[in-house]
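Worksheet: the structure to be examined is printed underneath.
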Amino acid sequence: MPAPHRHAARRDPRPVRLALVAFGVTLTASPTTANAGAPTHPAVRQEVPATRHSAGAPTHPAVRQEVSATRQAAAATGLDDPAKKEIAMQLISSAENSSLDWKAQYTYIEDVGDGCGYTAGIIGFCSGTGDMLDLVELYTQRKPGNVLAKYLPALREVNGTDSHDGLDPNFAEDWATAASDPAFEQAQNDERDRAYFNPAVSRGKADGIGTLGQFAYYDAIVMHGDGDDGTSFSAIRERALAKAKPPAQGGNEVTYLNAFLDARVWAMQQEEAHSDTSRVDTAQRIFLNNGNLNLDPPLDWKVYGDSYHIG
């Protein structure tokens, strides 16, 4: 049986009261409707040419520090900037959990009835799509004998299906137990980055698109995965490229991103589980129409009719 697509969004009615400080800037996240709930993996680095000096001339310490700072800044000039990555996780969580408190989702697990089996954790790892198996394998490599290790044979068997065979009745409870382990939290962070975040940011930078565009790529790969079917991330991108060129090919960024979002909406509409396109229409498209290509706060958006704010 072919592997199902990535999961549909799940809802979480818990209220959110989240305030965080990043780089001296306070980001306040507060949904405005009753139903709204309340370590960065190495990213692709952009090389910065070193300052040129005369042959044989010593480099002044201040110059070395300046060049080093420039390189560090260039390594995270898009969605991989820690403050922007935090915003990205809140945006994803608003769509996946109806909550901006993404760090509360390490313990999350349920079957949402989308054909992907169990959906769990900070990015919606699924028992039926292979990424939950990858996660538990990573966790077990780092911590043999953990509470989830015994489920590896069952996870291999149910991959590509919505079956719970070999997982029930205790898998959900054991997942919650594992989520109290910092090693499992780190494994979730690292697998998110390896499978979804880093590929999206890397591809976005190669296409010459900024922070908002990189987030559009990230959100697409989280929902659709990057397989070889007609609604995968790569297929969505190819559909957009047939309509517009990205900046790296001499195109206009806004024009290209509109084409990408159009292709994304089309892909979502091909599946009933993804047919609500508000995470694009009343979120990403709003930011694009406002010219906010850098995804700078304040941000106001809606998903499934619920309103959110980061200020």
With rounding to the nearest 0.5 angstrom, report the [atom1] to [atom2] distance, [X] to [Y].
X	Y	atom1	atom2	answer
Asp111	Thr119	CG	OG1	7.0 Å
Ser99	Tyr108	OG	OH	12.0 Å
Leu257	Asn289	CG	CG	11.0 Å
Asp262	Lys243	CG	NZ	9.0 Å
Ile123	Met89	CD1	CE	4.5 Å
Thr211	Ile87	OG1	CD1	9.0 Å

Closest heavy-atom pair and its distance - [X], [Y]:
X	Y	answer
Val265	Asp281	CG2-OD1, 3.7 Å
Thr107	Ala104	OG1-O, 3.6 Å
Met268	Thr277	CE-CA, 3.7 Å
Gln214	Ala200	O-CB, 4.2 Å
Ala248	Ala206	CB-O, 3.2 Å
Ser232	Gly227	OG-O, 3.0 Å

| request: Test side chain to side chain contact (heavy atoms under 4.5 Å, CB included) on Leu299 and Asn292 and set out the steps. | output: CA-CA 9 Å; Leu299 297 170; Asn292 193 353; 3.3 Å; yes
| said: I need the full list of salt bridge (Lys or Arg N to Asp or Glu O under 4.0 Å) pairs touching residues 170-181, with sequence neighbours left out, sorted by first then second residue. | reply: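 Sorted pair list: Lys143-Asp181, Lys150-Asp174.
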| task | Name all pairs fulfilling the salt bridge (Lys or Arg N to Asp or Glu O under 4.0 Å) condition that reach into residues 292-304, sequence neighbours left out, sorted by first residue then second. | result |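 Applying salt bridge (Lys or Arg N to Asp or Glu O under 4.0 Å) to every pair that reaches into residues 292-304, excluding sequence neighbours, yields Lys84-Asp296.
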| field | Side-chain ion pair, Lys85 and Asp193, N-O less than 4.0 Å | value |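 Yes, charged N to carboxylate O under 4.0 Å.
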Would you say that [X] contacts [Y] through its side chain, given a criterion of any heavy-atom pair below 4.5 Å between the two side chains?
X	Y	answer
Arg194	Asp190	no
Phe197	Leu79	yes
Leu138	Gln141	yes
Val158	Met132	no
Asn258	Arg285	yes

| query | Which residues satisfy the side chain to side chain contact (heavy atoms under 4.5 Å, CB included) test with Gln249, sequence neighbours excluded? | reply |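 Counting only residues at least two positions away or on another chain, Gln249 forms a side chain to side chain contact (heavy atoms under 4.5 Å, CB included) with Leu241, Lys245, Pro246.
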Examine distances only and state if a side-chain atom of [X] and a backbone atom of [Y] form a donor-acceptor pair shorter than 3.5 Å.
X	Y	result
Glu157	Gly166	no
Gln270	Trp266	yes
Gln105	Asn97	no
Glu86	Pro82	no
Trp102	Ser94	no

| query | Does the pair Leu155 and Leu167 meet the rule for a side chain to side chain contact (heavy atoms under 4.5 Å, CB included), with working shown? | reply | CA-CA 8 Å; Leu155 286 171; Leu167 300 177; 4.0 Å; yes
| request: For atom CG of Asp228, decide whether the heavy atoms of other residues, nucleotides or ligands shown that lie under 6.0 angstrom number more than 12. | output: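 No, not enclosed.
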| query | Out of Thr140, Leu133, Leu135, which residue meets the side-chain contact (heavy atoms from CB on, under 4.5 Å) rule with Glu137? | reply |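 The option that passes is Leu133.
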| request: Report the C-alpha distance between Leu91 and Tyr308 in whole Å, list the side-chain angles of each, state the deciding distance to 0.1 Å, and finish with yes or no for side chain to side chain contact (heavy atoms under 4.5 Å, CB included). | output: CA-CA 9 Å; Leu91 289 168; Tyr308 299 91; over 6 Å; no
| Under the ring pair (Phe, Tyr, Trp, His ring centres under 6.0 Å) test, which residues partner Phe287, sequence neighbours left out? |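 Ring pair (Phe, Tyr, Trp, His ring centres under 6.0 Å) list for Phe287, sorted by chain: empty.
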| Can you list the steps and then say if Arg203 with Asp226 is a salt bridge (charged side-chain N to carboxylate O under 4.0 Å, His left out)? | CA-CA 12 Å; Arg203 182 69 263 178; Asp226 196 21; over 6 Å; no
| request: Give the intermediate values and the outcome of side chain to side chain contact (heavy atoms under 4.5 Å, CB included) for residues Phe260 and Ile236. | output: CA-CA 7 Å; Phe260 182 83; Ile236 292 169; 3.6 Å; yes
| Asp276 side chain to Ser278 side chain, donor-acceptor N/O pair below 3.5 angstrom |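 Yes, side-chain donor-acceptor contact under 3.5 Å.
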| Cluster overlap Leu295 with Ile286, hydrophobic side-chain contacts below 4.5 Å |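 No, it is not one cluster - the side chains of Leu295 and Ile286 are not joined through contacts under 4.5 Å.
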| task | Give a yes or no on whether Leu100 and Tyr304 share a hydrophobic cluster (residues Ile, Leu, Val, Met, Phe, Trp, Tyr; joining criterion: side-chain heavy atoms under 4.5 Å apart). | result |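 Yes.
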| message | Please list all pairs meeting ring pair (Phe, Tyr, Trp, His ring centres under 6.0 Å) that have one or both residues in residues 129-165, counting only residues at least two apart or in different chains. | response |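 Applying ring pair (Phe, Tyr, Trp, His ring centres under 6.0 Å) to every pair that reaches into residues 129-165, excluding sequence neighbours, yields Tyr118-His164, Tyr139-Phe184, Tyr151-Phe171.
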| message | Set out, in order, the CA-CA distance, both residues' side-chain angles and the distance that settles side chain to side chain donor-acceptor pair (under 3.5 Å) for Asp131 and Thr129, then state yes or no. | response | CA-CA 6 Å; Asp131 56 353; Thr129 61; 3.0 Å; yes
| task | Start with the C-alpha gap between Asn198 and Ser202, add the side-chain angles, then the distance that decides, and say whether side chain to side chain donor-acceptor pair (under 3.5 Å) holds. | result | CA-CA 6 Å; Asn198 290 347; Ser202 178; over 6 Å; no
Please list every donor-acceptor pair under 3.5 Å in which a side-chain atom of residues 215-222 meets a protein atom from a residue at least two apart or in another chain.
unit_1, atom_1, unit_2, atom_2, d
Tyr217, OH, Asp207, OD2, 2.6
Tyr217, OH, Tyr256, OH, 2.6
Asp219, OD1, Arg279, NE, 3.4
Asp219, OD1, Arg279, NH2, 2.6
Asp219, OD2, Arg264, NH1, 2.9
Asp219, OD2, Arg264, NH2, 3.1
Asp219, OD2, Arg279, NE, 3.1
Asp219, OD2, Gln284, NE2, 3.0

